[in-house]
Amino acid sequence: MGLVAWAMPARQAMLMWAFVRLPAARTAPSVNTAATCVSLSAMARTRLGALVTTYFALQALNCYAITGWLRTMLGEQGIRMQTWGRILTVSQTAWIPATLLLLAFARAPGQLSVAFAAISAAMLAGFTGLLLDPVAQPVVWAVLVGFGPCSCPRYWP
């Protein structure tokens, strides 16, 4: 039943794309591609390249921590399996409105850095709460931690 539930949105998306008519490819003027190509090593040596790499490495760590570590931590604190399953669901559901909010901020580049700082602060507060007292407010901590994965561009349209 779980696979059927996941397959339904994919089926709907496939049906929608079957009726979408893509515009004809435009011929772009020839561009000297040698001048526009940047090597991976050259990009990694820049400040922006290092920041983006670090940010997305921490982003991946956050996703793995939520899906793998949250269950173990809450289970060790005596929270029943059904309860921590619901808490994990709430955490992952928090990604949706947070992603929509981040997309609204993405329209103005000056606000995007503020949004990323707020997301990082929410994740830090959530993980701190889970480390110090996970049983006190596990849903609040899980929602704060759940804001983090919204900044990963694979969720952006």
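Values below: all heavy atoms of this structure, side chains included; hydrogens, waters and symmetry mates excluded.
- Of all the heavy atoms in P138 and I87, the pair that sits closest is CB-CD1, 3.6 Å.
- Residues A122 and F147 share a closest heavy-atom pair of CB-CD1, 3.8 Å.
- No continuous path of ILVMFWY side-chain contacts below 4.5 Å connects M123 to L132, so the two sit in separate hydrophobic clusters.
- Linking ILVMFWY side-chain heavy atoms closer than 4.5 Å, directly or via other members, places L131 and L124 in two distinct hydrophobic clusters.
- Considering only heavy atoms from C-beta on, V90 stays 4.5 Å or farther from R86 through its side chain.
- Considering only heavy atoms from C-beta on, V143 stays 4.5 Å or farther from S91 through its side chain.
- T83 contributes no side-chain N or O that, together with a main-chain N or O of I79, makes up a donor-acceptor pair within less than 3.5 Å.
- In this structure a side-chain-to-backbone donor-acceptor pair under 3.5 Å is present from T93 to T89.
- Nearest heavy-atom pair, W141 versus A125, reported as atom, atom and distance to 0.1 Å: CE3-O, 4.0 Å.
- Hydrophobic clustering (side-chain heavy atoms under 4.5 Å, transitive across Ile, Leu, Val, Met, Phe, Trp, Tyr) groups L74 together with V139.
- Atom CD1 of residue I119 and atom OG1 of residue T99 lie 8.0 Å apart, to the nearest 0.5 angstrom.
- Residues W69 and V140 share a hydrophobic cluster, clusters being chains of Ile/Leu/Val/Met/Phe/Trp/Tyr side chains in contact below 4.5 Å.
- If you take CD on Q92 and CG on L88, they are separated by 4.5 Å, rounding to the nearest 0.5 Å.
- Residues V135 and Q77 form a side-chain contact, since some pair of their non-hydrogen atoms from C-beta on lies under 4.5 Å apart.
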